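What follows is one structure encoded as structure tokens, with my remarks underneath.
Bear in mind the structure is a predicted one, so any value in this text is a computation, not a measurement.
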Amino acid sequence: MVAGSVKTPEEAVARIAYLSSDVVISVQPTLSNASAFSAKLEELSSSRVKGTLTASNGVPEVQTVRQNADPLLSVFQPIRSGKLVSVAATSSILLSSIPHLYKLINYPVVIHVSLQPSEFPDYSEITSIRQTGLILLQSESTQEAQDMAIAAHGLAVKTGKAVVHFFASSSDDSEISNEDALLLGRALDRAAARTYQSGKIASTSLYADDGVVAQTSNSVASVAVGANGHASGLVTPASEASGIEPSSNGTSTADENSTRPSLTSISSLHDAIESRPISSDDIYKHASTIFEVIKQVTGRSYNVFEYTGPRNADVALFVFGSTTGLFRSAIRRTPGDDYSRVGVITARLYRPWFGTKLTEVIPKSISKIAVLEQIKKKTTKWGPLFLDLLTCLRTGPALKGAPVIVGHQLGFITPDTASQALRGVVQNLKSESPVQNLSVGLEDVPTNAGHNISQPAIEAAYMKILDQLFGKRLHIANSLDKPNAGISATITASPEYGYGSLLARIERRQAFIERVEKLAKSNDFTTRIPAEWISRWLLVTDDESKSAALVPGIIMRLSVDGSPAAYSLLSDKDLFYKESHWLIGSDAWSYDLGNSGVHHVIASGKDINMLVIDSQPYSEHAVADASRRKKDIGLYAMNFGNAFVASVAVYSSYTQVLHAMLEADKFDGPSVVVAYLPYNREDDSPLTVLQETKKAVDIGYWPLYRWNPRGDEKDEKKFSLDSERLKKELQEFLKRDNHLSQLVKRNPQFAANLSGSYGTEVRQQQKRKAKDAFDKLLEGLSGPPVTILFASDGGNAEGLAQRLGRRGKARGLKTLVLAMEDYPIEDLSTEENLVLITSTAGQGEFPQNGRNFWETVKNSTDLDLATISYTVFALGDSHYWPRKEDKHYYNKPGKDLDKRFADLGGNRLVDTGLGDDQDPDGYQTAYSEWEPKLWKALGVDNVDGFPDEPPPITNEDIKIASNFLRGTIAEGLKDESTGAISASDQQLTKFHGTYMQDDRDLRDERKAQGLEPAYSFMIRCRLPSGVATPEQWIKMDDISNEFGNQTMKLTTRQTFQFHGVIKRKLKSTMQAINKALMTTIAACGDVNRNVMCSSLPQYSAFHAQAHEAATRISNHLLPSTTAYHEIWLTDDDNNKVQVAGDAIVDHEPLYGPTYLPRKFKITIAIPPYNDTDVYAHDIGLIAIKGEDGKLSGFNLLAGGGMGVTHNNKKTYPRTGSMLGYAPLDKIHLVCEKIMLVQRDNGDRKNRKHARLKYTIDDMGVKVFKSKVEDLLTWKLEEARPFKFDSNIDTFGWQKDENGKNHFTFFIENGRIEDTPEFPMKTGLREIAKVHKGEFRLTGNQHLILSDVEDADLENMRDLMAKHKLDNVQFSGLRLSSSACVAFPTCGLAMAESERYLPVLISKLEGVLEESGLRHDSIVMRMTGCPNGCARPWLAEVAFVGKAYGAYNMYLGGGYHGQRLNKLYRSSIKEEEILEILKPLFKRYALERQDGERFGDFCIRIGMIKPTTEGKTFHDDVAEEDAEDGE
Ligand code: SF4
């Protein structure tokens, strides 16, 4: 029965390959870009269809390999272990695979090749491999492809030799049925296959043929058994031709040899003694036999050579191309006699070439044969087929009466042009002296890019850096965008080509130098001037910078000279530069190292630089076949000993790439820079590439290093490892032995494959050991065992589990508490009592440390939990998902667990407890009901007399016990066994200006590797008013490079923040910051933090006064503890430096030992600009001008604050309340008193209710004010009038009242970093080197270059232009936007922010442009969590992270920060965000009133209600809680 349908040749081939192999290598352009074979293979594989020949009748394995990752390398391992392997690929892999093809000829592998480009295939790849010894079979239609695929597999199994089946993918083919199972059964010799599968060939020889010889055994007759149980495969063919073509004839039908059963023959070293190597005759016989089987079963006739046409034809076309069918039908369709004596010949079996059989097929009447070869770029005068025919038909005895052979180049032909082409060929043939090498059809057709090599846009990153570094000196030999007449991109992109062309280039420059030398001595110039200039140049030709410096001058002089000599030099003016020669390659070069030009370049010793871009993602690497690991070009080159080698990754360290490229250029000799850029698809987002890169570098798969073999000679380091991991191992290794080839052996981490599997194994063993040890411990105890497993992100579920464990133990139970991920899951069914406690993450997902456990439990098919009793307690928030359709996320993990355990037969001890944050006591409410039930169910409810549990440690306890913020920080820093510090120290270091974080991009990967998270520290400086000197800027830049992650963040509190500082470097970083005359004390923590101040460039004098006030307040409120100095600024070895020991008792006159209940923030704004968001701080000071134009004092706002907790209506953002006015000289005292009232009245029990905003609301503004006035002993004055216009920055140049100039840079989200597109950090550093004024950081995370004198203006402008820093032409929306850090470093982040807001804005800019809003300022802010670092609740539109990819959307904030916004939608994703905002922006453009701001507009049109004060923030939200409506 034949069922199913097949639409394309690739589908047909994929099916046959799958059914006839153990392993199918599916070659794809990229892993995420399917090939024409992929879908079918995927379909069969996922339905677990069994193969016909698969060993033990299993399901064949489909391996996907990238096209540029040396796909045929994947064949060796399986084929050598006795598996039948086939490959499905396009012809583009063939040329680079030639070295493998030689090695594969004596293995029964089948390579199905779809010729490319599919519209107009080029057969030259096939002719290029004709000498490899492979069997080559061809097909043209879908039906033929199906039949020949079967023949190819039959032949491979039968002969033990490799078969390439090549075919053109024709678009107008009709659908066919699935192959006939009977045919498959009979064409594939099962017995021969089994013989092969039973033996293994363990050869890894480098030599061409592996020493394996395909053999045939003459003595053993083997008859394969077909699907019907009858003998098959070796069948007597039918007698005379009865094919489908009217007059077809072929050699096989007349071959008497095939009338007897054939002999088994299989490639095997284990064959019997009688065996002999397979001969081409054997191949011929087996092919004929298989064709005969096909004919018997299907009626379709195939032959080694096929002739169609009359037996009395006088001319014939021998077609080697994809249009045989078109020619045949054109002949058939043409009425009359024109073509009545024209035949068509094709080669079904192209190699081995059976010339004698061809003569048998061609009617004797034929006198001329046109050979039509579809080979696009001919490299020889006579085509390969032409020569084949000539050799067999016109040499030796055959010459007499042999037909004349006329070569043609076959171009692109369509059904419409086939007749015309045919006419041309036949006319040429029939002419008296036919023209040789005539072209038929179009030479060029539009083809898709599939066939051509093109450099993925993403790789432009490295090109840009080369460009920036070397500019005019850069010469890329194999640049793909350069025209190379007549040479295909495949060739020009190869290292060999590049190498050759660079050698030529080097020689050319040498000749040029000689020419210049001659001219310098001649009188050929009009004046002496050019000769003088070039003489100077001749002294420095080898010095890149000196020669480059002279070039513009020389060119200028030559241009005005006018002499022919000058012109001749000008025509080669590029050669005046000492070029930086580069060859650019892909990771494909890493596969063919031994055979390619890479080692020629290295071995040549020439001054050539190679940049090899490796794009294989690390995660892909993890699943890759270990035996096909790429050659490490870096290690290879290091072993060579004469090359500079660097391993870089632009998304990990831009600076290191710069260093490596510069050093490569400087190095006199070959340099190899291997560059990492992992991507799956060319359109991968930079964020994906960044995350992949980080993982690979962090884990040591891609270490960053530089190796200079001549380092020793210069007393420099030979090897520098620039990434963290492996540094120690490598350095130790290098100390012992500089022979890097040992590295892999001694440090298996270097070979990440090993490390991966080793890590997993160790992890499993650890789990088992821990559990076994615990089991042993329990043996002595009485009472039933209870295993408590938790999954916890925030710590609540873990805390509950631990407490439950302790309480259970006190009741005599044998309790074991483990994170789900640490539990050896194979023990599950042996548990007696199991308690599962889980919180809810993201959109109803499991917390990270429960995910694998859940996946295993969910997917397991053989878990039997009938003997275990279990219960679940879940923690969630029933209001987290207000929309009805999202409600089911509430406590989903817990509910899922309960259901799954019940389904697997578990007995429920107690019903699932559903902890809800919305209950009066949060999750405790449900928990206190659930726990007693559990004790009851376990029979331990009536146990008394166990001790009370100690209350949990609070932040207040930590502060009291810390001895004025010391804790155990100093000891923790010395502990090298971990990158972390203790939990209480983590709270205390905040007071010192540093937080512990971990890189969340790396969390999962490191966990999988059994490593602790990638801990690092964020350090925040204290910088009153955000003013820094240029020297300080440079030092900050140095610190970020040397100690941090090479970026700096300018924060919303106008200060520098560093990320990625590891514990080991923490102290040095603090010291470096102090050396820069900055500090970090009280930058975070429950104290007054950095005091901000408007950066206002226009009113510089006024700013100076305000700045002075800010500094005074900041200093006045600084904590007095000496712990900071003691911990960070003393030398470990020098006790004398220590200023405070035990003898000194600290005293905090303002704060006391417990400091403040919560953080405390002060800011100053100078009207009309509210650029520091004066309403958002605990104290907001509005600068008031006196009658003399100077700063007289401040209006005082108190009780502003941003942080809230999602869905906790007791928390809300608040704008400050106006308390009155205070004069300038007393302002620091007023701030102090406000702080003291908060110190003594703030809520120290509940940190969520501890900010000043709640104290004021609880107390009432009046009472609060009077308490402050009591402490002051005088009354505040009435607030003075003021007016704000906006809360954003003013970009570009401005002049202040003193005539000095200020430029506000746009620094997107405050991130100072270098990227290949925009090396901003380097640019700012260059500017800082010459700037004489100051830098001012703004509260919107931007930067002002302040106080530039007119005289320096031009220089500054030039510098800014050079570094592209003068661009402020962004949309109004972008200029008014701001985002917090969030991922990857912020531990609280629930969603992306800094990395995502720019992307979101780009997606909105189109609509803004269309609506004419490009220049309109709309304040948009985003934060990754409701902590609110970027002050989102004062923005006109804001997004606050709720879960990864999901945000709460707020609308209606006041334009100048005076009004809070309100929740508009919950948990929406990008699509919905765009759906809401795009039409809203359009509407705003059309319907706004004069001067109406977006936030006000949203309120006027009724989109959102205004929030009048913090307390009403949760009222009247646009999206009501679904439950309320139920
Ligand atoms: S708002 Fe939240 S996510 Fe963003 S930086 Fe602050 S704490 Fe982190």
Side-chain angles (χ1 to χ4, degrees), residues 1-6 9 11-21 49-54 84 86 110 112 135 137-159 163 165 167 173-193 222-245 248-255 257-262 264 283-304 306 348-349:
M1 263 293 289
V2 176
S5 70
V6 179
E11 271 185 33
V13 164
R15 256 192 82 84
I16 304 299
Y18 180 89
L19 294 173
S20 320
S21 316
V49 172
K50 288 186 175 176
T52 310
L53 283 189
T54 323
L84 294 174
S86 58
V110 178
H112 296 283
I135 300 174
L137 265 182
Q138 81 160 315
S139 61
E140 208 179 294
S141 64
T142 307
Q143 185 60 68
E144 283 183 16
Q146 186 185 63
D147 292 340
M148 283 312 107
I150 295 172
H153 285 275
L155 208 50
V157 169
K158 204 73 187 132
T159 61
V163 181
H165 163 221
F167 56 94
D173 236 359
S174 45
E175 225 169 282
I176 60 163
S177 305
N178 277 352
E179 74 294 329
D180 191 313
L182 178 68
L183 171 62
L184 205 58
R186 290 180 62 184
L188 303 179
D189 184 339
R190 194 178 292 251
S222 156
V223 179
V225 178
N228 55 4
H230 297 289
S232 69
L234 317 159
V235 186
T236 310
S239 53
E240 221 6 276
S242 58
I244 40 173
E245 290 290 348
S248 72
N249 193 4
T251 52
S252 70
T253 49
D255 191 336
N257 287 335
S258 55
T259 58
R260 59 177 169 75
S262 175
T264 186
I283 295 170
Y284 176 77
K285 280 176 218 158
H286 293 314
S288 306
T289 310
I290 292 168
F291 291 157
E292 190 50 39
V293 171
I294 297 176
K295 187 171 169 187
Q296 284 189 354
V297 178
T298 69
R300 291 184 291 271
S301 167
Y302 297 101
N303 291 294
V304 172
E306 287 167 9
R348 179 68 58 198
L349 183 68

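Looking at Val49 and Leu19, their side chains come closer than 4.5 Å, going by heavy atoms from C-beta outward. The shortest distance between side-chain heavy atoms of Ser174 and Gln143 does not fall below 4.5 Å.
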Before you tell me yes or no, could you show the steps for Glu306 and Ser301 under side chain to side chain contact (heavy atoms under 4.5 Å, CB included), namely the whole-Å CA-CA distance, both residues' side-chain angles and the distance that decides it to 0.1 Å? CA-CA 9 Å; Glu306 287 167 9; Ser301 167; over 6 Å; no
Stepwise side chain to side chain contact (heavy atoms under 4.5 Å, CB included) test for Phe291 and Arg300: CA-CA 9 Å; Phe291 291 157; Arg300 291 184 291 271; over 6 Å; no
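How far OG1 of Thr289 is from CD1 of Ile294: 11.0 Å, rounded to the nearest 0.5 Å. One distance of note links CG of Asn178 with CZ of Arg15; it measures 3.5 Å at 0.5 Å rounding. Separation of atoms CG (Leu53) and OH (Tyr18) is listed at 13.0 Å; rounding is to 0.5 Å. With rounding to the nearest 0.5 Å, the separation of OG1 in Thr298 from CG in Asp180 is 8.0 Å. Atom CG of Leu137 sits about 10.5 Å away from atom NE2 of His153, to the nearest 0.5 Å. Atom-to-atom distance recorded for Thr54:OG1 and Leu84:CG is 8.5 Å, nearest 0.5 angstrom.
The minimum heavy-atom distance between Ala287 and Leu349, with the atom names listed, is CB-CD2, 4.4 Å. Closest approach of Ser86 and Ser21 over heavy atoms only: OG-OG, 2.8 Å. The nearest pair of heavy atoms linking Tyr302 to Arg348 is CD2-NE, 3.5 Å. Residue Val110 comes nearest to Ala156 through the heavy atom pair CG2-CB, 3.6 Å, listed as atom of the first residue, atom of the second, then distance. Contact detail for Pro9 and Thr142: the closest heavy-atom pair is CD-OG1, 3.4 Å. Smallest separation of non-hydrogen atoms from Ile283 and Leu155: O-CD1, 4.1 Å.
With sequence neighbours excluded, the residues satisfying side chain to side chain contact (heavy atoms under 4.5 Å, CB included) with Ala149 are Val13, Ile16, His112, His165. Residues that satisfy the side chain to side chain contact (heavy atoms under 4.5 Å, CB included) test with Glu11, not counting sequence neighbours, are Val6, Lys7, Thr8, Lys40. For Gln138, there are no side-chain hydrogen bond (donor to acceptor under 3.5 Å, both in side chains) partners two or more places apart in sequence or in a different chain.
Checking Val157, Thr52, Leu184 one by one against Ser20, the side-chain contact (heavy atoms from CB on, under 4.5 Å) holds for a single residue, Leu184.
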